[in-house]
There are 2 protein chains.
Amino acid sequence: MLRFPHAAPAAVKGTMARAAEDVRRKPVTLSDVAAAAGVSQATASRCLNGSERKVNPELREKVLAAAARLNYTANLSAQTVARGTSTTVALLVSDIADAYFSSMAASVMSAAEAKGLRVTIAVTERNVEREIELVRELRGQHARAVILAGSGYVDSRFAEPLVRELTMFEEMGGRVVLISRTDLPFETVDLDNLGGARRLASALVRLGYESFRLLGGEEQLVATRDRIEGFRLGLADAGIHLDADRVIYSDFSWEGGFTAVQAMDDKVLADTRLIFAVNDEMALGAIAGLRGRGLRIPEDIAVAGFDDIRSLRDVVPGLTTVRVPLVEVGREAIARVIGSPSGERSRVVVATVALRDSTPRLN
Amino acid sequence: MLRFPHAAPAAVKGTMARAAEDVRRKPVTLSDVAAAAGVSQATASRCLNGSERKVNPELREKVLAAAARLNYTANLSAQTVARGTSTTVALLVSDIADAYFSSMAASVMSAAEAKGLRVTIAVTERNVEREIELVRELRGQHARAVILAGSGYVDSRFAEPLVRELTMFEEMGGRVVLISRTDLPFETVDLDNLGGARRLASALVRLGYESFRLLGGEEQLVATRDRIEGFRLGLADAGIHLDADRVIYSDFSWEGGFTAVQAMDDKVLADTRLIFAVNDEMALGAIAGLRGRGLRIPEDIAVAGFDDIRSLRDVVPGLTTVRVPLVEVGREAIARVIGSPSGERSRVVVATVALRDSTPRLN
DNA sequence: GGAATCACGGAAAGCCTATTCCAACTGCTC
DNA sequence: GAGCAGTTGGAATAGGCTTTCCGTGATTCC
């Protein structure tokens with residue numbers, strides 16, 4: 001609130017002095033505590049950080065008191081080095097500002113919290129090389145596990161080095177859990193992208209829709225592929241064939257949906273009764289784009305998405321989508337980090353169709 | 001996708017075996033690399049991890065080659081222990097699923113990335129004790145800095161132990177940066193909550209509004225207090241007095257806004273032309289609640305929020321709000337982590353009023 | 001050409017903790 | 001009362017890395 005461009009008024013001097021002296025008081029260590037309590041460092045360690053060995057209650061008290069008095073906190077890094085293993089699990093997401101990923105992060109964190117694990121989030125920016133680099137770093141950090149959410153490219157050119165890196169991570173003793181991609185040889189919490197999209201398509205056909213247009217993220221993305229393929233299957237179940245040119249690939253984001261719709265031909269739009277975007281963000285972007293062109297939702301064009309992100313509750317008309325139970329996903333992912341390797345490579349979390357006003361029953 | 005309840009088919013055996021053997025191949029260490037390159041561990045260290053000292057290019061090559069061949073990655077924990085300082089900054093937010101905080105996290109992370117810092121996010125759940133506990137842990141982790149966003153209680157009963165803990169953190173050599181709260185004696189990136197709300201109030205009065213109702217988060221929250229106080233001042237500037245009973249305190253969330261509105265008397269609502277909620281989430285919750293009661297926005301009641309979270313772009317009518325430039329906030333926070341203590345305790349980031357359709361000009 | 005300086009590799013100390021191993025001590029049995 | 005297992009405290013080591021300090025060989029300068 002106050003600003004002091006150049007000369008600092010007296011009032012601030014206190015702060016500056018504190019910063020300037022910069023004593024960097026050496027943090028109190030375990031042996032400080034031990035000394036203060038008059039015991040060996042080994043005993044102090046056994047008292048303060050969960051050890052099997054019992055210590056005399058009397059000594060234990062002394063140690064605890066000394067620790068409290070000195071405000072001791074264990075040095076986590078040192079513990080990690082000494083133990084050779086940490087309690088941190090890393091969550092890799094494409095973009096933490098994305099509603100889908102931030103909700104997932106919240107659910108993973110709360111599940112981890114309950115199990116005494118700490119979570120660190122890293123952002124891949126949908127960049128496989130960065131992803132690989134991050135896993136590499138995590139190996140250096142002795143992370144307990146890495147949970148890989150998002151991205152996931154079909155292209156095996158990218159997959160191979162990633163698999164190599166993840167395998168090294170596992171060999172180091174870490175666990176690998178994937179979310180929503182079954183393309184790599186690791187444990188997976190699968191969101192049933194394919195089944196969800198398929199059921200959505202069936203439901204929409206039942207509502208009377210016949211003329212579809214699909215909006216995908218990048219074509220190489222596993223999520224894109226599965227959801228589009230699922231939708232295609234759902235239509236096929238009803239005897240509707242989807243021409244390849246009815247699928248438009250763009251960016252897996254709001255902007256992607258928006259620009260894709262902007263770029264559509266008037267003729268193309270006229271021949272489209274419903275747009276299915278492979279995630280809600282794209283669907284919302286598409287809606288904005290459509291409205292920008294003067295079209296009404298759902299009267300002129302119906303729209304459906306995927307994920308059921310939280311912000312949908314504020315959107316009018318309500319967006320039809322496929323609900324992904326992220327809380328369950330987070331819990332399941334952490335369960336796999338904790339539990340012993342199950343051999344059960346993939347656990348499907350059921351995705352359920354949520355029909356809303358953006359896709360009303362026709363006629 | 002596949003599930004193998006009990007008996008595992010042959011296909012999975014490979015996976016199980018890999019997990020079962022559990023060699024936990026000891027990770028390659030710096031001395032492994034040194035040995036492989038035929039140099040001392042000291043030299044290897046100097047080559048691989050940014051050191052001042054030069055080493056013979058020829059040796060350097062050998063070391064780099066050996067490291068690459070062995071797939072060496074530095075053990076971050078060990079480095080932290082040895083160096084006595086880490087490159088991690090911690091970001092403490094109330095709730096990572098909240099659009100405001102997840103956007104802020106994204107901006108802090110990208111700013112940190114540019115400076116070679118790594119960010120770890122922790123969630124306080126708006127719980128001061130938890131906040132204190134986290135800072136304590138961070139001290140144990142030798143975090144380079146802690147950035148405290150959100151919460152912030154007026155009550156000094158809570159503030160005092162937090163200040164103590166933060167001070168210890170600083171004494172250890174860490175930096176403390178607060179976001180959007182000027183109540184504690186540390187460097188702050190201030191969002192100008194007060195000024196923003198004040199300008200919003202002025203703008204709304206100019207649009208013809210006279211009868212207001214305010215929706216606050218918990219009363220003890222600094223953000224609540226500042227924004228309400230600012231709004232009150234803005235009204236006072238125009239000669240409008242705001243009775244205390246026109247401020248309703250609830251929870252700082254969508255649900256808080258929703259339930260607050262649900263609980264309002266019909267008479268109260270009839271006597272309200274505009275509701276200002278202290279953040280967008282609450283405003284959106286309020287809109288949902290109002291609509292649930294059959295009221296139209298903005299014809300019956302106008303609504304305004306604060307923050308300009310990203311998902312507002314999908315809300316109709318557009319919500320009037322105060323835009324907080326989070327990218328700048330993130331950059332500024334990281335700048336304060338990096339830079340030497342400036343003495344300049346607080347840096348105000350300007351919050352600008354964004355008038356939209358939820359508060360049209362009256363008559 | 002000799003002395004002073006510099007550049008650079010390596011040995012070793014140090015960071016903080018966990019854990020192994022040993023020694024002392026307890027309480028028992030027979 | 002000797003021998004025994006069972007406890008429990010402490011010294012010492014391990015863990016992976018950085019950094020100080022030495023010493024050697026090369027360079028520079030007059």
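A quick note: this is a predicted structure, and the numbers were derived from the prediction, not measured. In what follows, every chain begins at residue 1, and chains take the letters A, B, ... in the order their sequences are listed.
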Proximity to DNA chain D (any heavy atom under 4.0 Å), residues of residues 53-74 of chain A only: A:Arg53, A:Lys54, A:Val55, A:Asn56, A:Leu59
Where chain A begins and ends its contact with DNA chain D, read 5' to 3' at 4.0 Å from heavy atoms: D:dT8 to D:dG15
Residues touching DNA chain D, which here means a heavy atom under 4.0 Å, drawn from residues 35-45 of chain B: B:Gln41, B:Ala42, B:Ser45
Under 3.5 Å: donor-acceptor pair, side chain of A:Arg144, backbone of A:Val337: no
Backbone N/O of A:Leu326 and side chain of A:Ser107: donor-acceptor pair under 3.5 Å: yes
Donor-acceptor contact present, side-chain A:Thr188 to main-chain A:Asp190, <3.5 Å: no
B:Val163 backbone acceptor or donor facing B:Thr167 side chain under 3.5 Å: yes
Salt bridge flag under 4.0 Å for residues B:Glu332 and B:Arg336: yes
Ion pair check, B:Arg164 and B:Glu160, cut-off under 4.0 Å: yes
Value in whole Å for how far the C1' atom of C:dC16 lies from CD of B:Gln141: 14 Å
Nearest heavy-atom neighbours spanning A:Arg118 and A:Leu76: NH2-CD1, 3.8 Å
Pairwise distance CD1(B:Ile96) to CG(B:Leu91) - rounded to 0.5 angstrom: 7.0 Å
Option from A:Arg139, A:Arg136, A:Gln141 for which side chain to side chain donor-acceptor pair (under 3.5 Å) with B:Thr73 holds: A:Arg139
Check: B:Arg46 side chain, C:dG10 base, donor-acceptor under 3.5 Å: yes
Check: A:Thr80 and B:Thr80 side chains under 4.5 Å, non-hydrogen atoms: no
Whole angstrom value for the distance that separates P of C:dC15 from CG of A:Asp32: 11 Å
